[in-house]
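Below: one structure, written as structure tokens.
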Amino acid sequence: MADQFKSISDEISSFKVATSDDLEAYRLRFIGRKNIIGDLFAQMRNVPNDEKKTFGQKVNELKNLAQNKFQELIESLNSGDSNEESYDDLTLPAAKSSFGSIHPLTATRQRFIQIFERIGFNVSSGPEIEDDWHNFTALNFPENHPAREMQDTFFIEKNPDIALRTHTSSVQIRVLENEEPPIRTLSPGRVFRNEAISARAHCVFHQMEGLYVDKDVSFSDLKQTLFHFAKEMFSKKTQIRFRPSYFPFTEPSAEIDISCQICHGEGCNICKYTGWVEIGGAGMVDPNVLENCNIDSSVYSGFAFGMGIERITMLRYGVKDLRLFTENDVRFLKQFNSL
Ligand code: DAH
């Protein structure tokens, strides 16, 4: 019996772990539910009565030894101080590290800017917290006009009204107030609306605003510019279509559609069998907007447009749920590694 104690004790003392599998092997043998020390306890009933006490003490000692050693092994494994010989082999390939990649919304924004920079547009920005003048009034939304309800606004303060901007059109006003025509600018940014979150809508999303003001800017300039954009952003075969619409800050106004990138006009469930998908709104800058910013509307004219960056990105990459853009799921994001 004494031999048995000695051999278990030696085994514990000399046990070495290099991996978590080794540690688990140790645990199963000396600590786990059916361990070797437990077997000794079970033998207690065969031990003569006068030896029971010493036997019990010895088994308890073994048990403590096993527990203490277990703690030691855990610590040595955690500190990387395994009992395997360690050495630095400088010829080994470097440990693989994974770099992040460009977010698909960023890729779309960058592509947008690239396309428009080549035709003379710069980039401008404005604050996300806006006053009523820049978000609504200067954009020709009359006070108490139902058009204000087109966009469910998050107000921060009332009287005077301060809100999270509902669109990037507010940046048009900031640029028109501060710069002289000719103006060609693109304003990307985050916008906010009190909308229920779903696969197609979110209360926080991104828009790209475009503004061109100069002498003799016409609706055909708007059409050509957006046609050029659609071909560059999507594919050379892309067609565009304008549908009459209403925005307070443009006259005339239009919704812009592109030919469906999935079925190329044949009809599918993405385009709801129409062959067309909407990408944004546009129009000729309303003379009232120019006048609100002290630009002479008898000399200057302009066009403007606004598009959802999420929407364009969904169409570019076939993303069906815009919540994916903000959920931070690496399984989604990794699919854009090649960007
Ligand atoms: N601001 C509009 C919206 O958020 C989009 C828009 C439409 C912008 C027409 C424009 C425009 O500049 O001309 O729904």
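Any value given below was found using the heavy atoms of this structure, including those in side chains, with hydrogens, waters and symmetry copies removed. For ligands, and for the atoms within them, numbers begin at 1 and follow the listed sequence.
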Are F116 and F229 an aromatic pair, judged by ring center distance below 6.0 Å?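 That pair passes the under 6.0 Å test.
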Give the numbers and elements of all ligand 1 atoms closer than 4.0 Å to a heavy atom of [X].
{"X": "S169", "value": "1 (N), 8 (C)"}
{"X": "G306", "value": "6 (C), 8 (C), 10 (C), 12 (O)"}
{"X": "Q172", "value": "12 (O)"}
{"X": "R193", "value": "3 (C), 4 (O), 14 (O)"}
{"X": "G283", "value": "13 (O)"}
{"X": "Q207", "value": "3 (C), 4 (O)"}
{"X": "T250", "value": "13 (O)"}

Between the side chains of [X] and [Y], is a donor N or O closer than 3.5 angstrom to an acceptor N or O?
{"X": "T238", "Y": "S259", "value": "no"}
{"X": "N135", "Y": "T166", "value": "yes"}
{"X": "Q172", "Y": "H134", "value": "no"}
{"X": "T137", "Y": "D132", "value": "yes"}

| said: Heavy-atom count check: over 12 atoms from other residues, nucleotides or ligands less than 6.0 Å from E180 CD? | reply: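 Open: at most 12 neighbouring heavy atoms sit under 6.0 Å from CD of E180.
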Item checked: Pick from F247, Y246, F249: the one approaching atom 11 (C) of ligand 1 most closely through a non-hydrogen atom ->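 It is F249 whose heavy atom sits nearest to atom 11 (C) of ligand 1.
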Anything under 30° is parallel, anything over 60° is perpendicular, the rest tilted; go ahead and classify F249 against F141.
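Correct class here is tilted.
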Check your understanding: Under 3.5 Å, N or O to N or O, is A304 touching ligand 1 that way?
Key ->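 Among all N and O atoms of A304, at least one is under 3.5 Å from an N or O of ligand 1.
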Close N or O approach (E209, ligand 1; < 3.5 Å)
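It does: an N or O of E209 is found under 3.5 Å from an N or O of ligand 1.
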**Chi angles and distances behind the salt bridge (Lys or Arg N to Asp or Glu O under 4.0 Å) call for E255, R241** = CA-CA 8 Å; E255 307 280 346; R241 172 175 92 165; over 6 Å; no
Any M208 heavy atom less than 4.0 Å from ligand 1 |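 No, M208 has no heavy atom closer than 4.0 Å to ligand 1.
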